[in-house]
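As the structure is a computational prediction, the values presented were derived from the model and not from experiment. First the proteins, then the strands, lettered A, B, ... as listed; each starts at 1.
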Amino acid sequence: MFYREAGDFKTSYEQDSQTFPIKFDRFRYYAVLAIAFLVVPFVINDYWANAILLPFLIYAIAAIGLNILVGYAGQVSLGTGGFMAVGAYACYKFMTMMPEVSMFVHVLLAGGMTAIVCVVFGLPSLRIKGFYLAVATLAAQFFLVWLFNRVPWFYNYSASGQISAPERDVFGIMITGPNAPAWATYMFSLIFLTLCALVARNLTRGTIGRSWMAIRDMDIAAEIIGVNPLKAKLTAFAVSGFFIGISGALFFSVYLGAVEVGEAFGITKSFLVLFMVIIGGLGSIFGSFAGAAFLVLLPVVLKVVGVDVLGWPTDIVAHFQLVIVGALIIVFLIVEPHGLAQLWRVAKEKLRLWPFPH
Amino acid sequence: MQDGYITEDGRKIGGVVMEMKNITLRFGGVVAIKDISFDIREGEIRAIIGPNGAGKSSMLNVISGFYVPQEGEVWFHGKPRPQMRPYEVAQQGIARTFQNIALFEGMSVLDNVMTGRLSYMKSGLFSQALWKGKAEAEEVANREVAEKIIDFLEIQHIRKTPVARLPYGLKKRVELARALAAEPKLLLLDEPMAGMNVEEKEDMSRFILDVNDEFGTTIALIEHDMGVVMDLSDRVVVMDYGKKIGDGTPDEVRNNQAVIDAYLGVSSD
Amino acid sequence: MPDQFLFATEVFINGLMAGVLYALVALGFVLIYKASGIFNYAQGVMALFAAMTLVGIMNGQVPFSHIINAVFGTEIHHFGWHVPAFLAIILTVGVMVGFAWLVQRLVMRHLVGQEPIILFMATIGLAYFLEGVSDLMWGSEIKKLDVGLPQGGSFWIEDMTAGLGSENFYGFFIDNLDMVATIVAALLVVGLVLFSQYTKQGRAMRAVADDHQAALSVGISLNFIWVLVWSVAGFVALVAGIMWGTKSGVQFSLSLIALKALPVLMLGGFTSIPGAIVGGLIIGVGEKMFEFWIGPLVGGATENWFAYVLALLFLVFRPQGLFGEKIIERV
Amino acid sequence: MLDAAKTSDVQTETLLEVNNIEVIYNHVILVLKGVSLNVPKGGITALLGGNGAGKTTTLKAISNLLRSERGEVTKGSVKYRGQDVHEEDPAALVRQGVIQVMEGRHCFEHLTVEENLMTGAYTRADGKANIAADLEMVYSYFPRLKERRKSQAGYTSGGEQQMVAMGRALMSRPETVLLDEPSMGLAPQLVEQIFEIVKSINEQEGVTFLLAEQNTNMALKYAHYGYILESGRIVMDGPAAELRENPDVKEFYLGMSDEGRKSFRDVRSYRRRKRWLS
Amino acid sequence: DLVFPSLSYRTGPYAAGGIPFADGYADYFTLLNERDGGIGGVMTKLIECETGYNTEKGVECYESTKGEGALVYQPLSTGITYQLIPKVTADNIPLHTMGYGRTSAANGEVFSNVFNYPANYWNGASGVVNYLLESNGGDLKGKKIALVYHNSAYGKEPIRTLEELSAKHGFELMALPVDHPGQEQKSQWLQIRRERPDFVTMWGWGVMNQVAIQEAANIRFPMENFIGVWWSGAEHDVMSAGDAADGYKALTFHNVGRDFPVFHHIQKYVVDTGKAAGAGDQIGTVLYNRGMYAAMLAAEAAKTAQGIHGTADINAAMMRDGMEALEINEAKMADLGMPNFGPSFNVSCENHGGPGLVGVTQWDASSKTWSLISDFKPTDGDVIGALVAEDSGAYAAENKITPNCN
Ligand SMILES: Nc1ncnc2c1ncn2[C@@H]1O[C@H](COP(=O)(O)OP(=O)(O)OP(=O)(O)O)[C@@H](O)[C@H]1O
Ligand SMILES: Nc1ncnc2c1ncn2[C@@H]1O[C@H](COP(=O)(O)OP(=O)(O)OP(=O)(O)O)[C@@H](O)[C@H]1O
Ligand SMILES: [Mg+2]
Ligand SMILES: [Mg+2]
């Protein structure tokens with residue numbers, strides 16, 4: 001028995017509803033946190049920060065946000081790219097309008113802004129369901145991108161319509177711009193990710209989370225037993241928008257530093273985040289992490305293996321990358337439609353039973 | 001009828017809590033309910049029976065506010081109930097179970113039961129996000145109620161199991177638990193015993209009677225097993241293709257020729 | 001007649017025509033959705049793949065020559081023959097049927113009974129896969145597709161109508177290709193409607209969409225139905241690919257026409273074949289007219305989002321689209 | 001395990017043979033722990049048992065519908081007419097004459113009642129006329145369906161849907177019908193009617209039935225032979241008449257004590273179930 | 001080794017343009033290695049990294065190659081350029097955005113590490129107008145010019161300049177955006193048909209180009225009056241419209257065709273020895289030539305740097321100095337086997353953009369060739385200079401850069 005939960009008794013309901021009811025899990029969780037906060041910042045370099053860790057952290061935030069909407073509340077959204085754009089542009093406007101304020105505040109405000117926009121586009125979800133809703137959210141995607149491309153106020157009238165993040169700091173440490181040290185950008189994003197994950201976890205284990213899931217599983221029944229669908233759906237959109245906005249803000253300001261809306265926040269972004277959520281596991285916070293890690297790492301790994309190790313031409317590798325990503329997605333769905341998180345759960349269940357097969 | 005009476009086995013039945021007045025419900029060309037009136041008294045077990053497609057479930061849906069009748073009114077506590085959304089109806093103390101189990105498949109039994117308590121949980125988004133203060137206290141308090149009901153229905157052992165994995169009969173019981181968790185004044189049960197064997201029906205009957213006894217919950221019940229209906233209910237409404245063809249005590253109904261023709265058939269006991 | 005009115009009419013007609021082209025893509029979606037409840041995101045890529053295959057066959061290109069050359073150090077690119085368009089189309093249909101079979105075999109059959117969103121994701125995976133394969137197979141440069149369809153404005157219509165307005169009005173501009181597309185689309189729709197409504201296979205197809213398990217239980221072979229449907233969808237993709245490929249050359253962006261088809265689907269209803277056409281027409285006209293009247297006021301390029309917003313607003317009033325099956329809500 | 005043939009008075013061919021099967025869901029949940037049963041040709045065999053005993057799972061294992069639910073038969077074999085059908089796909093089984101009526105109706109919501117019935121004839125190739133005749137036959141068994149033939153099945157009542165599901169299966173002209181809880185949710189008259197229909201189809205058309213039922217009373221009244229399933233194991237089997245007289249069956253499945261049927265109101269305490277095996 | 005990363009895109013929506021450019025860029029360095037043994041005796045090493053025209057991948061490529069001693073980046077994407085401008089400045093690696101990117105980077109006082117010689121978009125915009133002026137007897141008053149542009153940072157670049165020029169020369173400007181990818185342009189072309197501008201100019205890329213040319217042919221817009229920027233003037237852009245595209249014009253800042261000795265060398269040393277980056281069939285195409293031209297400019301800058309710093313094994317900072325001191329003249333080019341291949345120009349700290357000389361090419365559908373029909377001519381320095389000063393000034397202020405040339 002590698003994995004034990006026997007002998008782990010709870011004596012109160014608080015204990016029972018804590019995030020990691022099993023001691024072993026709790027321990028592992030603290031270990032991961034300790035490494036992330038206390039070890040990684042000292043060993044990080046530009047490549048790891050900019051090519052792997054920042055995108056992972058930032059996409060994980062977006063994935064958590066989208067997972068709340070899709071995985072918990074059952075409202076499929078393809079507007080993530082557009083909402084991230086709202087976060088990015090809001091952040092840009094706040095950064096340039098109030099340069100003296102801390103970056104923390106800018107990012108949070110950008111999240112709030114996105115939450116509002118997300119709620120507006122969430123309103124039709126009261127009537128529209130399923131794939132109709134999914135496609136309807138594309139309206140947000142295209143409209144928002146068009147808007148940010150079209151209205152010069154959003155990009156401060158720059159000639160090309162690009163926005164570039166000015167240098168901003170937190171407590172005197174550069175967070176944005178080319179001179180921000182890798183560890184600082186990493187820590188900044190990590191703090192947001194940790195907070196978002198905690199908040200998401202708290203929300204999903206409590207009342208609001210249950211009403212989201214009820215709406216997801218059977219909306220009519222949920223309403224009849226007393227869930228207010230308006231409130232449940234719109235809070236889901238708001239919370240999800242808040243997270244996605246934060247990730248959009250970080251994506252622009254901390255990670256890329258300059259974006260062009262159509263390119264950075266196009267429809268492919270929406271799909272990418274949705275992939276993360278599904279491959280990771282719908283309705284699982286851990287899954288959001290797993291999915292983000294998987295899809296950030298996979299192309300890098302494939303590239304390294306294909307180009308650097310095997311020495312194939314880059315275009316063949318790039319095409320193979322598409323083939324492999326596509327095939328992997330399908331294989332994953334076939335093997336475990338409920339994502340990496342479920343795979344992990346099943347593995348745990350098996351370990352618990354080990355060495356007996358059933 | 002007077003304002004309340006005492007049944008043979010000594011339970012007290014109160015005044016009318018809900019009254020359906022001339023309800024008519026149509027779906028396009030189909031008339032599901034045709035000008036039906038009946039009442040439900042406080043503390044009683046009221047059965048609704050009738051052949052398949054008679055409109056029984058539709059009637060419950062009208063009570064729940066899910067279907068809006070074209071004609072007629074629902075009176076609740078002596079007042080006509082204004083048009084309201086189903087969740088508002090639920091918040092007035094009306095809980096129910098569904099004919100085709102409508103549990104939240106992606107959630108554990110415990111969470112399902114906890115959803116029954118949503119109307120009691122009022123903490124704000126912010127407090128919940130931080131899991132501090134009101135949110136946590138509320139969670140614990142309501143969890144206690146939920147656990148009590150779980151104990152009562154003897155489903156402790158599956159508390160953490162995702163409901164999708166449960167066999168049919170247990171799902172029905174979980175559904176009942178979810179409805180009870182709302183501590184309703186009026187409980188609507190749509191075929192709670194369908195798909196159960198006798199032993200399980202006996203258990204379920206026991207639960208229903210206990211709920212009625214211990215919490216004084218008024219119960220409206222749809223059921224096709226005549227044994228159950230006749231044994232449990234105080235009064236029975238009989239529907240047939242949208243019309244009411246009988247209303248009265250089990251004995252009255254049993255001997256009503258129209259009911260025998262339309263529903264019971266000759267061989268019923 | 002005032003020119004402004006004539007211009008508006010012209011935009012209107014061209015909107016209709018553009019709508020037909022969108023509808024051609026949307027049809028493929030509808031077919032698969034109807035038959036399996038799957039929202040097949042790969043439809044656009046299928047159109048690309050079909051068109052690439054067609055061009056490849058016509059030009060006698062060696063498939064996967066790029067990899068073959070990279071691995072074996074050879075220099076082969078072409079077989080050196082040219083296949084006539086007609087024959088090439090038939091061969092391509094064969095390839096699409098083969099593809100349908102593979103999809104069924106390798107993907108669908110393992111995902112029986114899964115939730116729609118999972119199936120949707122699988123088709124996105126498929127889209128990536130197919131995109132990579134098409135490029136590996138036929139190369140990613142732009143290819144010209146010419147199966148002999150006429151192209152360019154119709155002189156005849158132009159001459160006939162030039163007299164309607166002042167000398168500022170040249171006559172209506174109507175693209176010959178669009179007219180061909182309209183005829184083809186009309187034929188396809190009629191054929192498909194008859195098929196799905198009045199044949200045993202059509203009925204089975206709709207049954208499968210509702211409930212996989214139940215369909216299995218009455219002996220409908222999901223595998224067969226899926227191969228059938230994906231083949232038909234592949235054929236529709238080929239038709240769309242030919243039309244769009246003729247218009248803009250065969251290259252990567254062809255797969256993005258799927259995005260143009262989605263609002264059409266919403267508006268027409270995911271399950272309705274006539275809906276795809278009507279939806280397409282409404283979207284085509286709507287976006288062109290909007291761009292014509294409102295576009296100049298807000299800086300243009302409204303077409304990408306207008307269709308979606310229109311569809312969205314429409315759905316708020318009719319959640320299942322124009323002709324979609326009513327969403328059954330019961331407890 | 002007892003042998004069905006031993007007790008049956010008429011020595012008939014065994015159509016369906018289930019040998020010691022084990023079923024696992026999701027790779028971890030073991031549901032059937034070695035179930036064996038025999039279904040003789042032309043008989044009505046009942047499979048009884050409480051909730052979650054594994055009746056549905058057994059039927060699905062036979063008709064090969066498990067795979068789509070992430071379940072698999074890991075041990076044992078299923079033979080139809082002596083042939084192993086374990087690997088066949090459900091459609092092939094239907095063509096061989098085995099059709100399942102699934103628990104919970106499973107109608108095609110968006111198809112009309114008539115279209116639903118017609119899908120039942122999907123595997124048939126014996127001409128439109130025969131199919132039309134059978135459609136009339138189904139309508140004659142279930143007149144209510146004829147009235148509602150043009151409405152979408154999704155909007156019909158529970159009972160009507162059950163009729164649709166039954167009728168749909170009959171449309172395939174089956175040799176063996178696996179009937180999962182046909183009485184669930186039906187009005188008493190209709191339950192009886194359905195069992196009568198089962199009986200008459202069985203007698204007149206010679207269709208074999210394997211019937212999973214909760215309504216033990218009814219099932220044993222109409223079945224020839226019964227198996228009782230509990231927690232994934234067959235705990236008792238025998239001719240229906242014998243089972244009906246068995247005191248345990250009487251108490252737990254028929255709700256009768258020595259004094260005859262007792263009122264549901266009188267069950268004052270929950271009984272600890274007595275089990276044959278545990 | 002002298003490391004030259006090539007952020008290429010051989011996949012995705014813009015692959016058709018990305019492939020020949022990347023081939024040309026790579027083949028030239030291979031040629032230097034094979035024929036000359038590298039640059040100044042040090043072998044060159046090309047690291048290709050696929051971006052798919054995607055900024056995030058661009059960042060990944062940048063981060064993964066910069067540690068290898070990369071000398072200069074050539075991202076061939078305006079989006080990635082904007083991304084890299086601050087990063088290269090911080091890392092002190094030069095960035096060469098030839099004919100694309102951020103136009104105001106021509107101001108080397110602000111953008112110390114970014115170079116966009118020999119011409120930029122604003123030169124392009126002015127080049128179009130100058131060409132039209134010239135062919136219309138110096139007068140464009142009352143004429144109407146339509147700009148069909150890719151609705152992105154790239155496509156929007158010329159608008160400001162064209163607006164200024166329209167005020168200056170009195171023509172009317174009509175801007176028509178086309179959204180990515182640009183497969184459906186009916187609206188835009190119907191509008192052109194209605195409003196009948198005298199000239200159409202285009203800032204397109206990818207499939208948008210072909211569709212525009214096809215649509216122009218469909219409405220029978222006279223091709224001679226249709227001028228694309230240099231990214232809208234490759235063979236594949238015109239090929240699919242067939243004969244109808246005959247006469248279409250495009251700007252350029254280098255020569256076209258394969259009649260240059262350097263191509264014989266490439267054929268001999270690179271293609272025939274099987275070392276070509278692509279299939280070897282792209283030589284002489286517009287974008288291949290451009291890629292090769294970019295490589296040549298990089299190699300020459302490297303040579304210059306070697307000269308300045310007296311070492312053959314230069315680093316990125318030295319490379320930057322080399323680029324800033326680059327001199328290209330006819331003699332040098334003839335020496336390299338590219339006589340008259342591009343304009344002569346000098347780069348300086350104040351001017352990273354070169355002289356902005358722009359030529360015009362025209363497509364001949366029957367022979368399927370592009371030919372240069374106008375020499376490399378200067379563009380409107382006053383207008384452009386002011387715009388550059390304004391935009392780079394704003395950038396400097398926002399990023400607290402003090403413009404200086406030390
Ligand atoms: N898809 C599934 N995944 C996991 N477990 C399942 C699944 N389907 C059924 N089970 C489990 O298998 C056991 C047997 O279920 P089954 O449906 O066969 O019972 P049954 O005898 O038909 O009961 P009922 O009378 O309630 O229909 C149950 O404990 C159930 O929880
Ligand atoms: N949403 C709806 N749309 C259309 N028709 C409906 C709808 N809901 C119910 N009906 C129809 O109304 C009639 C009554 O249905 P209802 O479900 O109330 O019957 P029931 O008495 O509960 O029957 P059962 O005992 O079979 O459950 C049926 O004929 C049904 O088809
Ligand atoms: Mg009902
Ligand atoms: Mg069952």
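With sequence neighbours excluded, the residues satisfying side chain to side chain donor-acceptor pair (under 3.5 Å) with D:Lys60 are D:Glu69. Residues meeting the ring-ring contact (aromatic ring centres under 6.0 Å, His included) test with D:Tyr222, sequence neighbours left out: D:Phe195. Under the side-chain contact (heavy atoms from CB on, under 4.5 Å) criterion, C:Ile124 pairs with A:Phe271, A:Phe275, C:Tyr41, C:Phe120, C:Met121, C:Tyr128, sequence neighbours left out.
Heavy atoms only, all atoms of each residue included: D:Val94 and C:Leu216 are closest at CG2-O, 4.3 Å. Here the closest non-hydrogen pair linking D:His106 and C:Ala214 is O-CB, 3.3 Å.
Summarising the local packing, CZ of C:Phe235 is surrounded by 12 or fewer heavy atoms from other residues, nucleotides or ligands at distances under 6.0 Å. Heavy atoms from other residues, nucleotides or ligands lying under 6.0 Å from CD of D:Gln83 number 12 at most.
Among the candidates C:Arg203, C:Arg206, C:His110, the residue making the largest number of heavy-atom pairs closer than 4.5 Å to chain D is C:Arg203. When the candidates C:Leu111, C:Ile220, C:Asp210, C:Asp211 are compared by the number of heavy-atom contacts under 4.5 Å with chain D, C:Asp210 comes out ahead. Listed options D:Asn64, D:Leu93, D:Leu178, D:Ile99 were ranked by heavy-atom pairs under 4.5 angstrom with chain C; first place goes to D:Ile99. Put simply, of D:Pro174, D:Ala165, D:Ala91, the one with the most heavy-atom pairs under 4.5 Å next to chain C is D:Ala91.
Looking at C:Ala215, both its backbone and its side chain come within 4.5 Å of chain D, counting heavy atoms on both sides.
The contact list for residues 107-122 of chain D toward chain C, using heavy atoms and a distance under 4.5 Å, reads D:Cys107, D:Phe108, D:Glu109, D:His110, D:Leu111, D:Glu115, D:Met118, D:Thr119, D:Gly120, D:Tyr122 by residue number.
In this structure, C:Ser221 and D:Asp89 have side chains that are in contact, with non-hydrogen atoms separated by less than 4.5 Å.
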